[in-house]
**Q** 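Quick one: the structure is below, questions incoming.
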Amino acid sequence: MHAQVGIIGAGPAGLFLAHLLYREGIDCVVLEARSRAYVEDRVRAGVLEQGTVDLMAELGLDQRLRRECMIDEAIDIRFGGGKLVHVHFPELTAGKVVTIYGQQEVVKDLIAARIADGARIEFEAEVTGLDGLDGDRPTIRYRQGGTEHTLTCDIIAGCDGFHGVARPAIPDGVLTTYDHVFPFGWLGILSESPPITEMTYANHDNGFALCSRRSPKISRHYLQVAADEDAANWSDDRFWNELHIRMNDRDKSEIIEGRIFQKGVTPVRAFVAAPMRYGRLFLAGDAAHIVPPTGAKGLNLAAADVRVLARALTEFFRTNSMARLDRYSDTCLRRVWKVVRYSWYMTSLLHRFPDHTPFERNVQLAELDYLFSSRAGRLTIAENYVGLPLEDE
Ligand code: FAS
Ligand code: PHB
């Protein structure tokens, strides 16, 4: 089998790229290790920047999103036993907002459209190896239905996430990796309960908490836990009681509890691999970088990467010029590092660090107090939260 572009992974990066290339008449195949049901049920991100919503609209895939999404105009940050920083996006960013629409819903919409287009997407097709990356005819080896297959390509897009095979296929000595593992994790739940008014973060002596949402009837809440925490150690009651405490809702008058139907621990980590390219292999999304979930940026950064990659691939297939492809990694990494910085800042601001000295704890609380009293400080958070402008690559 041959394709102009072989895309490894049917997550947001791979699926957005497939649609962008299809729109330009570029032949691509998506190879996904898991089943369709598995990838569509995977609960992850929930906050979409305007740029990501615009991408769904450009692709003509935003109908359900428009019907079912929620619009968030602000976040609240609670700290110091009763203080609250309110960051109002439209006031600070000339009208910008963020959109709440679960990553699994984005994936469902993108997969359904890909299949409706009759475009090639192979599920339960696990890529086992990449060859000839430094030539002009790289190949992808994959296993599907108990049979080994080979796909020859002009270009390979490694959109296979942090644990994929693309990044490891790059020879030793080529990549520089930057890794920062935070000393805690996030215990996340989905519950059948209405969310509180605002997307609300808390820096409490017991630890970080976040009250988010997926719809007017579904809440997404998180608690900071130990990095190696087992979700089984947290009964529903234990989770709710701790959330009330950390959100300064001890009388339980604000946060409404409900049936918890998903519970899991996510590591909090920042990781960058540079360059995001080797020969005919281009990395995008989590295959190249991980940002701490605090900034709600992972999915949005993946979408930004593939916008740049699709534009470069379109130039390549139309003119045979590799100029944009040669700039791909540098262009993406400029945005990646700014998003890593912002996500690191929000993580450092909002979590309790086990090894913090009293001095460091007071500096952290002073930062929150500064935001409480500084419009400029709140503007910094707002302009990053809604999404930095896409550079003209
Ligand atoms: P993905 O990991 O989504 O997709 C990669 C795909 O490649 C997967 O479907 C995988 O099955 C497939 N694959 C892997 N190896 C393969 C192989 N050998 N062959 C074929 N296919 C292969 N981000 C936020 O912004 N907010 C959040 O709250 C948030 N929560 C998260 C919670 C969890 C548990 C995790 C793991 C991540 C979370 N993220 C969050 C980040 C997440 O949203 C990612 O940034 C986003 O999924 C990135 O998309 P992709 O780069 O497409 O990678
Ligand atoms: C989420 O709803 O998953 C979410 C919201 C805000 C964040 C992180 C995650 O900062």
Side-chain angles (χ1 to χ4, degrees), residues 11-17 19-20 39-77 86-113 188 190-191 193-201 210-222 262 285-286 291-307 335 338-339 342-343 346 378-390:
L15 292 167
F16 274 128
L17 179 61
H19 279 284
L20 285 165
V39 297
E40 291 186 347
D41 287 343
R42 205 167 31 193
V43 175
R44 284 183 167 173
V47 178
L48 303 185
E49 295 175 356
Q50 190 58 47
T52 306
V53 173
D54 292 347
L55 179 56
M56 292 284 280
E58 273 176 47
L59 293 169
L61 301 176
D62 62 335
Q63 297 82 358
R64 187 163 73 99
L65 180 153
R66 299 277 177 214
R67 286 199 310 270
E68 299 179 11
C69 75
M70 294 173 77
I71 299 297
D72 268 9
E73 292 195 350
I75 61 169
D76 283 343
I77 301 175
H86 181 73
V87 181
H88 189 254
F89 304 139
E91 177 238 328
L92 294 162
T93 64
K96 293 182 180 175
V97 296
V98 295
T99 298
I100 302 296
Y101 190 66
Q103 175 172 324
Q104 70 272 33
E105 307 311 326
V106 172
V107 165
K108 284 174 193 169
D109 295 341
L110 294 173
I111 288 174
L190 281 173
S191 61
S193 56
I196 64 174
T197 307
E198 297 293 6
M199 174 81 74
T200 303
Y201 300 77
L210 167 58
C211 284
S212 182
R213 67 282 312 284
R214 285 293 179 272
S215 76
K217 294 179 179 175
I218 302 291
S219 290
R220 174 74 160 156
H221 298 316
Y222 296 94
Q262 194 269 347
D286 279 19
V291 287
T294 325
K297 291 299 176 192
L299 184 161
N300 297 295
L301 201 50
D305 284 349
V306 295
R307 265 194 182 280
R335 185 180 189 85
K338 282 188 268 190
V339 172
Y342 165 69
S343 302
M346 291 292 277
R378 292 192 300 276
L379 169 56
T380 299
I381 289 183
E383 69 176 356
N384 281 279
Y385 205 99
V386 299
L388 297 175
L390 290 170

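Computed from heavy atoms alone, side chains included, the values below leave out hydrogens, waters and symmetry copies.
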**Q** Please work out which of the three classes, parallel, tilted or perpendicular, describes the rings of Tyr385 and Tyr342, given edges at 30° and 60°.
**A** perpendicular
**Q** Can you tell me how far the CG atom of Asp109 sits from the CE atom of Met56, to the nearest 0.5 Å?
**A** 4.5 Å
**Q** Inspect the contact between Glu58 and Arg307 and indicate whether a charged nitrogen and a carboxylate oxygen are less than 4.0 angstrom apart.
**A** yes
**Q** When you measure from the side chain of Asp76 to the backbone N and O of Thr200, does any donor-acceptor pair fall under 3.5 Å?
**A** no
**Q** Give the minimum heavy-atom separation between Ser343 and Thr294, together with the two atoms involved.
**A** O-CB, 4.4 Å
**Q** Contact between Asp62 and Val53 at the side-chain level, heavy atoms closer than 4.5 Å - yes or no?
**A** no
**Q** Can you tell which of Arg44, Arg64, Arg66, Arg214 makes a salt bridge (charged side-chain N to carboxylate O under 4.0 Å, His left out) with Glu105?
**A** Arg64
**Q** Determine, stepwise, if the pair Val47 / Met199 fulfils side chain to side chain contact (heavy atoms under 4.5 Å, CB included).
**A** CA-CA 10 Å; Val47 178; Met199 174 81 74; 3.8 Å; yes
**Q** Under the side chain to side chain contact (heavy atoms under 4.5 Å, CB included) criterion, do Asn384 and Lys338 qualify, and how do the steps go?
**A** CA-CA 9 Å; Asn384 281 279; Lys338 282 188 268 190; 5.8 Å; no
**Q** Just by modelled atom types, is the Ala74 backbone N or O under 3.5 Å from a matching donor or acceptor in the His86 side chain?
**A** no
**Q** Between Lys297 and Glu49, does any side-chain N to carboxylate O distance fall below 4.0 Å?
**A** yes
**Q** How close do Gly298 and Val291 get, heavy atom to heavy atom, and via which atoms?
**A** N-CG2, 3.6 Å
**Q** Considering non-hydrogen atoms only, spot the tightest contact between Ser212 and His221 and give its length.
**A** N-ND1, 3.7 Å
**Q** Any non-hydrogen side-chain atom of Val97 less than 4.5 Å from a side-chain atom of Asp72?
**A** no
**Q** Any non-hydrogen side-chain atom of Asn300 less than 4.5 Å from a side-chain atom of Val339?
**A** no
**Q** Looking only at non-hydrogen atoms, find the nearest pair between Asp305 and Gly285 and report the distance.
**A** OD2-N, 2.8 Å
**Q** Is a side-chain donor or acceptor of Ser219 paired with a backbone partner of Ser193 at a separation under 3.5 angstrom?
**A** yes
**Q** Take Phe16 and Leu59 through the test side chain to side chain contact (heavy atoms under 4.5 Å, CB included) and record every step on the way to the result.
**A** CA-CA 9 Å; Phe16 274 128; Leu59 293 169; 4.0 Å; yes
**Q** So Leu15 and Val106, do their side chains get closer than 4.5 Å, heavy atoms only?
**A** no
**Q** With a 4.5 Å heavy-atom cut-off, do Val43 and Gln104 have their side chains touching?
**A** yes
**Q** Assess whether side chain to side chain contact (heavy atoms under 4.5 Å, CB included) is satisfied between Arg335 and Leu301, documenting all intermediate values.
**A** CA-CA 8 Å; Arg335 185 180 189 85; Leu301 201 50; 4.0 Å; yes
**Q** For a 4.5 angstrom cut-off between non-hydrogen side-chain atoms, does Ile381 reach Met346?
**A** yes
**Q** Would you compute the distance between atom CG of Leu48 and atom CD of Gln103 and round it to the nearest 0.5 angstrom?
**A** 9.0 Å
**Q** Given side chains that start at C-beta, do those of Pro216 and Met70 come closer than 4.5 Å, heavy atoms only?
**A** yes
**Q** So which heavy atom on Ala13 is nearest to which on Val306, and how close?
**A** O-CG1, 3.4 Å
**Q** Atom CG of Leu210 and atom CD1 of Ile75: how far apart are they, to the nearest 0.5 Å?
**A** 9.5 Å
**Q** What is the distance from atom CD1 of Ile111 to atom NE2 of His19, rounded to the nearest 0.5 Å?
**A** 8.5 Å
**Q** Are Gln262 and Arg220 close enough, and set up right, to give a side-chain hydrogen bond (donor to acceptor under 3.5 Å, both in side chains), and what steps lead you there?
**A** CA-CA 9 Å; Gln262 194 269 347; Arg220 174 74 160 156; 3.1 Å; yes
